[in-house]
Amino acid sequence: MIPEKLLKPYNPKETEERIYKLWEESGFFNPDSLPTERYPLNAKRFSIVMPPTNANGSLHAGHGLVMAVEDIMIRYKRMRGYKTLWLPGLDHAGFETQVVYEKQLEKEGRSRFAIEPKKLYEEILDFTLNNSANIKSQVRKMGASCDWSREKFTLDPDIVKTVYTTFKKLGDDGLIYRGNRIVSWCPKHQTSFSDLEIEDVEKTEPFYYLKYGPFTISTSRPETKFGDKYVVMHPKDNRYEKYKDGQKIELEWISGKITATVVKDEVIDMEFGTGVMTITPWHDPVDFEISERHGLLKEQIIDERGKLLPIAGEFAGMSIVKARPLVVEKLKAKGLLEKVDEKYKHVVRTCYKCGTTIEPQIRNQWFIKMKPLAEKALQKINAGEITYIPEHYKKITVHWLENIRDWNISRQIVWGIPIPAKICAACGSGFIDLENKIGTCEKCGGELTPDKDTFDTWFSSGQWPFAVLEFPDGNDFKNFYPTDVMETAGEIIFFWVARMIMLGLYITGKVPFKIVYLHGLVLDAKGQKMSKSKGNVINPLDLTAKYGTDAFRMGLVIGNTPGTSLALSEDKIRAYKHFANKFWNIARFVIENTEGETTEAHFTEYSPKDAALQKELQTALSDVTVDMDAYRFYLAAEKLYHYAWHNLADRILEESKDILKNASLEEKRSRKQFLIHTLDKILRALHPFIPFVTEEIWQLWKQPTAKEQMLMVAEWPTAAKGRP
RNA sequence: GCGCGAUUAGCUCAGUUGGUAGAGCACUCGAUUUACACUCGAGAUGUCGCAGGUUCGAGCCCUGCAUCGCGCACCA
């Protein structure tokens, strides 16, 4: 009897939840619970650690792509007999989450700075936990066959322990230092950043030429110049030959008479402006370096909120934005303003989140010396131990690693893993202290207080692969590390991927993954970046509800080459909904027309015509397998789509109508066997891409009596092997 | 300034090692008690950014240029 359900159109809504439950309850998402007959103890293993989802919102289209692509990899390998582990996780996403939460506070008319830190932490934790439940159900809706029993969160005690151990080891190896160094500071968020959180924006602003004693100096930031008492020029600049290094000059400046000191330094570009500049070491990285080289005094002009300090005289307490025109006015009144170039183009460093101009500040922070870590990573990458898909990301990574800078890992926010260190109130020294053992400052005997800062979130996620696999003693670490593939967004290649390689190598001695597969952004139908303010955000759940998850997955995968952005249009997804239904009907035709025919696994009496078709199918399948092994899912999916629709349905099924009606008994039997055989193979081959509809058809058709007979753990339809 | 991509049909994009240019959507004409209207058949649409070069043969390899996008960079 043909199952009643097959007579109606395919209904994803009715199917998906039930099928996912079937899979999940089988336990087969867990590599340890796979049927031992097909997956013996010595079976090959395949593992992917899922990029931990930021627990501060809900799934967006980009997550949809992650889930689709990684699930395809995992399902494919599982069908090929690998014990597959796909380990899901959530990221507290320190600063990112804090920003999201602060926006919410703003709407409520509250400010993070008015909330007691402990209370704020509790609130954000609640917020995060609320989101996580939601996110997890969304990941399930995408059909992700990940092992929920191994799920991890970046704030889990064992992860934190690993992070602390790494911090300690870095310290013991002399790779961590606490330095009073210039850092990038966002006055709005009031935290420091690493160089990656900075966005360079080209701006056109007035450029002021100011009289500084006998010199003319130029600046785009007159409001920072109050404390400038060093005037710097190139030692070989003939124009200023008569001024000697260290020479004192009395001159009239913004707030009155000062004594300036001449400094000669080779960083000065003689061609630029007048070849003379004054320096503001507390608030400019170049100036900081100069003052370090020459042992000059440094003075803070701007506070943490971006307001001027008492040194600015009558401007004290003013924000720099307000102060600038007033300072210019005063300079003008004093006759110190020589000229203004109104259209000066230059690069301004801004906070990547809020666009506020970065105000560099000198702060005592924890830094990691990156050079030694980067060198090891470069060796492995250059030796080809990591394959990049697409390839050009390798060059980008190498370039970044070769020019790496030290990593400031201190963040002045509450939402994160606290830095396990003590700070001396008297001398500012810091001591890594995991066991709360150090009582007084080892340098000056001063009193110690716990470090109030938290780690940069990437410091913890940078250790994710070995941390979640429970390095060093976990069985998972032995069985699944290094992982096979790291699939994530090309956007975070430095933030995350490169750092995982460095930290993974440093701690375990091995690269954390063999293949890096990077996908591009998911854009809207017009190719524009999705953003809440533009109102063009596509919610994956709306699309899966409307067209089914299988259609959504196909739409994300086909025509999407790694590394390239994808414009996601609803038309495209609708087209693959049609495909799911088409395939449903192919199955219905085959099942209806082969009723009563027993399946013979190795049928040998094909008619010449069917033998040819059989060969054609084999070729198509091995071709697809080659693509699968080469991670060309966009091609594999398209080929299967084409075969199923335009070969199987349009050609083979159409001509079968005549054969099944009019041909000889032998020919009929041959065709029926071929149809059964083909449907079986195509169901298997399409399963990684459209898991729900294929499993549903499989269940209706084969009516398996044991969970081991699910399509999810069935064998891939060809033994052919592509390139590794 | 240095580096990395992209440029192929009206739109969005494929094109794996060089061998007669492809898909989806859109478009035109036709079919209809059908496995499927979430359908089928037929069709139109391309100097593959430009200029050279290598080759029997180039969308693909090499050189240069243009346009767009991105990343990196301490010029006050």
Side-chain angles (χ1 to χ4, degrees), chain A residues 2 6-10 182 195-196 198-200 207-210 217-221 224-225 228 232 267-280 284-290 344 346-347 349 360 390-400 402-403 405 490-491 493-494 520-521 523-527 547-548 551 554-555 558-561 563-593 623 626-627 630-632 634-639 641-642 645-646 649-650 653-654 656-657 722-723:
Chain A
I2 173 106
L6 269 173
L7 301 174
K8 293 183 210 144
Y10 173 58
I182 194 143
D195 49 319
L196 288 179
I198 308 305
E199 198 172 338
D200 289 349
F207 194 55
Y208 306 92
Y209 289 82
L210 308 176
I217 59 149
S218 43
T219 181
S220 58
R221 309 206 52 194
T224 66
K225 296 271 152 202
D228 287 14
V232 193
V267 293
I268 296 295
D269 180 353
M270 289 187 266
E271 312 278 304
F272 186 88
T274 56
V276 184
M277 70 174 192
T278 61
I279 56 169
T280 316
D284 186 287
V286 185
D287 299 1
F288 178 82
E289 292 301 326
I290 295 173
Y344 175 64
H346 69 144
V347 169
R349 306 169 76 229
E391 232 171 11
H392 72 262
Y393 273 107
K394 181 172 166 175
K395 276 193 216 164
I396 295 175
T397 302
V398 165
H399 182 255
W400 186 73
E402 283 173 345
N403 297 288
R405 304 207 231 152
E491 264 188 321
I493 181 155
F494 306 141
L521 294 169
L523 309 171
D524 76 358
K526 289 179 197 147
Y547 303 106
M554 283 292 263
I558 292 188
N560 187 6
T561 38
T564 321
S565 324
L566 172 80
L568 185 64
S569 76
E570 223 173 299
D571 279 346
K572 194 173 169 191
I573 303 204
R574 193 186 312 114
Y576 296 116
K577 178 186 161 62
H578 294 181
F579 176 65
N581 190 60
K582 182 76 184 179
F583 191 62
W584 182 259
N585 280 292
I586 289 170
R588 176 178 158 187
F589 180 92
V590 172
I591 295 167
E592 266 180 341
N593 285 284
D623 201 18
V626 170
D627 287 332
Y631 293 85
R632 293 190 296 254
Y634 57 104
L635 283 183
E638 195 175 332
K639 283 172 184 170
Y641 172 94
H642 198 268
W645 198 312
H646 301 299
D650 293 349
L653 295 198
E654 285 307 321
S656 296
K657 288 177 187 171
R723 295 180 304 184

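Any value given below was found using the heavy atoms of this structure, including those in side chains, with hydrogens, waters and symmetry copies removed. Naming convention: chains lettered A, B, ... in sequence-line order (proteins, then strands); numbering from 1 in each chain.
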Between Leu653(A) and Ala580(A), name the one whose nearest nucleotide on RNA chain B is closer to the 5' end.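 Result of the comparison: Leu653(A).
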Hey, which sits more toward the 5' end of RNA chain B by its nearest nucleotide, Arg588(A) or Asn581(A)?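 By nearest-heavy-atom nucleotide position, the 5'-most residue is Arg588(A).
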[N] and [M]: how far apart are their [atom1] atoms, nearest whole angstrom?
N: G15(B); M: C2(B); atom1: C1'; result: 32 Å
N: G69(B); M: U16(B); atom1: P; result: 27 Å
N: A23(B); M: G41(B); atom1: P; result: 13 Å
N: G1(B); M: A51(B); atom1: P; result: 27 Å
N: C56(B); M: G46(B); atom1: C1'; result: 25 Å
N: C62(B); M: C25(B); atom1: C1'; result: 37 Å
N: G57(B); M: U39(B); atom1: C1'; result: 42 Å
N: C50(B); M: U7(B); atom1: C1'; result: 11 Å

Under 4.0 Å between any heavy atoms, over every strand shown, what does [X] touch: base, sugar-phosphate, or nothing? Just pick one.
X: Lys639(A); result: base
X: Thr561(A); result: sugar-phosphate
X: Leu566(A); result: nothing

Heavy-atom side-chain proximity of [X] to [Y] below 4.5 angstrom:
X: Tyr547(A); Y: Tyr576(A); answer: no
X: Leu196(A); Y: Trp400(A); answer: yes
X: Leu653(A); Y: Phe589(A); answer: yes
X: Thr278(A); Y: Val232(A); answer: no
X: Arg632(A); Y: Thr561(A); answer: no
X: Leu568(A); Y: Leu523(A); answer: no
X: Met277(A); Y: Ser218(A); answer: no

Atom-pair distance ([atom1] on [X]; [atom2] on [N]), nearest Å:
X: Arg632(A); N: G15(B); atom1: CZ; atom2: P; answer: 9 Å
X: Glu638(A); N: A14(B); atom1: CD; atom2: P; answer: 11 Å
X: Lys395(A); N: C2(B); atom1: NZ; atom2: C1'; answer: 14 Å
X: His642(A); N: A14(B); atom1: NE2; atom2: C1'; answer: 13 Å
X: Ile558(A); N: G15(B); atom1: CD1; atom2: P; answer: 13 Å
X: Asp623(A); N: U17(B); atom1: CG; atom2: P; answer: 14 Å

Pairing partner of [N] (Watson-Crick or G-U wobble, both distances under 3.5 Å):
N: G49(B); answer: C65(B)
N: U16(B); answer: none
N: U33(B); answer: none
N: C72(B); answer: G1(B)
N: C60(B); answer: none

Using a strict heavy-atom distance below 4.0 Å, which residues from residues 569-577 of chain A are in contact with RNA chain B?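 The stretch gives Asp571(A), Ala575(A), Lys577(A) as the residues lying under 4.0 Å from the strand, ordered by number.
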Report each atom pair, protein N/O against N/O of nucleotides 39-43 of chain B, whose distance is under 3.5 angstrom.
| residue | atom | partner | partner atom | Å |
| --- | --- | --- | --- | --- |
| U39(B) | O3' | Lys582(A) | NZ | 3.1 |
| C40(B) | OP1 | Lys582(A) | NZ | 3.0 |
| C40(B) | OP1 | Trp645(A) | NE1 | 2.3 |
| C40(B) | OP1 | Asp650(A) | OD1 | 3.4 |
| G41(B) | OP1 | Asp650(A) | OD2 | 3.4 |

Can you tell me if the side-chain N/O atoms of Tyr634(A) get under 4.0 Å from OP1 or OP2 in U16(B)?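 No, because none of the side-chain N or O atoms of Tyr634(A) sits under 4.0 Å from OP1 or OP2 of U16(B).
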Taking atom [atom1] of [X] and atom [atom2] of [Y], what is their separation to the nearest 0.5 Å?
X: Ile396(A); Y: His399(A); atom1: CD1; atom2: NE2; answer: 10.0 Å
X: Ile217(A); Y: Leu210(A); atom1: CD1; atom2: CG; answer: 5.0 Å
X: Arg221(A); Y: His346(A); atom1: CZ; atom2: NE2; answer: 9.0 Å
X: Ile279(A); Y: Asp284(A); atom1: CD1; atom2: CG; answer: 9.0 Å
X: Ile586(A); Y: Ile591(A); atom1: CD1; atom2: CD1; answer: 11.5 Å

Treating primed atoms plus P, OP1 and OP2 as sugar-phosphate and everything else as base, which nucleotides of nucleotides 68-76 of chain B get B, S or - for protein heavy atoms under 4.0 Å? ---SSBBBB
Keeping the roles fixed (side chain from Asn581(A), backbone from Tyr10(A)), state whether a donor-acceptor pair exists under 3.5 Å.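 Indeed, once roles are kept as given, a pair shorter than 3.5 Å links the two residues.
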Classify the angle between the aromatic ring planes of Phe207(A) and Phe272(A) as parallel (below 30°), tilted (30 to 60°) or perpendicular (above 60°).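 Because their plane-to-plane angle is over 60°, the rings of Phe207(A) and Phe272(A) count as perpendicular.
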